[in-house]
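All remarks here apply to the structure that follows.
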Number of protein chains: 2
Amino acid sequence: MDLKDLRYFVAVYEAGGFSRASRYLNTVQSNVSARIQGLERSLGAPLFERQWRSVVPTDHGDRLYSQAKQVIAALDRVEEAFKGSRTV
Amino acid sequence: MDLKDLRYFVAVYEAGGFSRASRYLNTVQSNVSARIQGLERSLGAPLFERQWRSVVPTDHGDRLYSQAKQVIAALDRVEEAFKGSRTV
DNA sequence: TTTTTTTACGACACACGTAACAATG
DNA sequence: CATTGTTACGTGTGTCGTAAAAAAA
């Protein structure tokens, strides 16, 4: 599992759709679709149910969301801690 | 910053050397070296001082270590939570 | 027709392993 | 000579964006 996968997943979850998420992520729908599919495959569980104009998270998706936020928050803290210590 | 970077960093930190870390990571020294260099470049701070037969962490390295462990632990919890829920 | 997700495809970048090098004991 | 870290290099995987297809109102 990759961190970018989690960031893409969170974007889709919060945006409620792949195309909206792709705009937040500054990329195209196809990449978001591919990454989410790969994440679902690697986790072995569907994360969203694709419906007309609404992407609803599965139970797995809901559980992943809260955990993914924690991981991303932890990583953002790391990066934040190194802001301003540019010595190389 | 990539998660694999953090895993490589932790391995070097705990192994106390690049070649020992490469064995834990099932890869070669050159990859470990390149990844640590990339991580140092992206963070803008040196993480290790390379000395003869001893790789000692800098202060930045020490700080990164405790945080990296938290991030990795958080991610491992996510993956653990999905073990056994293989429905796809 | 408009908005969506998926699939196919070509191009490029990155990460890998092999191998050679420099340095230290 | 043995071991370590770095650098150079060729190969292949993967990720990207473009473009086309399919579905729904």
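Order of the sequence lines fixes the chain letters, A, B, ..., with proteins taken first and strands second; residue numbering starts at 1 for each chain.
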Quiz item: Taking CZ from B:R41 and P from C:dC14, how many angstroms apart are they, rounded to a whole number?
Solution: 10 Å
Quiz item: Atom CG of B:L39 to atom P of C:dC14: distance rounded to whole Å?
Solution: 16 Å
Practice problem: Check side chain to side chain contact (heavy atoms under 4.5 Å, CB included) between A:S66 and all other residues, then give those that pass, not counting sequence neighbours. | Solution: none
Quiz item: How many angstroms lie between CD in B:Q67 and CD in A:E79, if you round to the nearest 0.5 Å?
Solution: 10.5 Å
Self-check item: Nearest-0.5 Å distance, CD of residue B:Q37 to CG of residue B:D5
Solution: 12.0 Å
Quiz item: Contacts to DNA chain C from residues 27-35 of chain B, heavy-atom cutoff under 4.0 Å, which residues?
Solution: B:T27, B:V28, B:S30, B:N31, B:R35
Looking only at non-hydrogen atoms, find the nearest pair between [X] and [Y] and report the distance.
X	Y	value
B:I36	B:F9	CD1-CA, 3.6 Å
A:E40	A:F48	OE2-N, 3.4 Å
B:A68	B:L6	CB-CD2, 4.1 Å

Quiz item: Step by step, would you call A:L39 with A:L64 a side chain to side chain contact (heavy atoms under 4.5 Å, CB included)?
Solution: CA-CA 11 Å; A:L39 185 57; A:L64 180 59; 4.1 Å; yes
Quiz item: Does any N or O in the side chain of B:S42 come within less than 3.5 Å of the main-chain N or O of B:M1, such that one atom is a donor and the other an acceptor?
Solution: no
Exercise. Enumerate the residue pairs fulfilling salt bridge (Lys or Arg N to Asp or Glu O under 4.0 Å) with a member in residues 56-72 of chain A, sequence neighbours excluded, ordered by first and then second residue.
Key: A:E14-A:K69
Quiz item: When you measure from every atom of DNA chain D, which of residues 1-20 of chain B have a heavy atom less than 4.0 Å away?
Solution: B:G17, B:F18, B:S19
Quiz item: So which pairs with a foot in residues 15-30 of chain B pass side-chain hydrogen bond (donor to acceptor under 3.5 Å, both in side chains), sequence neighbours left out?
Solution: B:T27-B:N31
Quiz prompt | Where chain A begins and ends its contact with DNA chain D, read 5' to 3' at 4.0 Å from heavy atoms | solution = D:dT15 to D:dA25
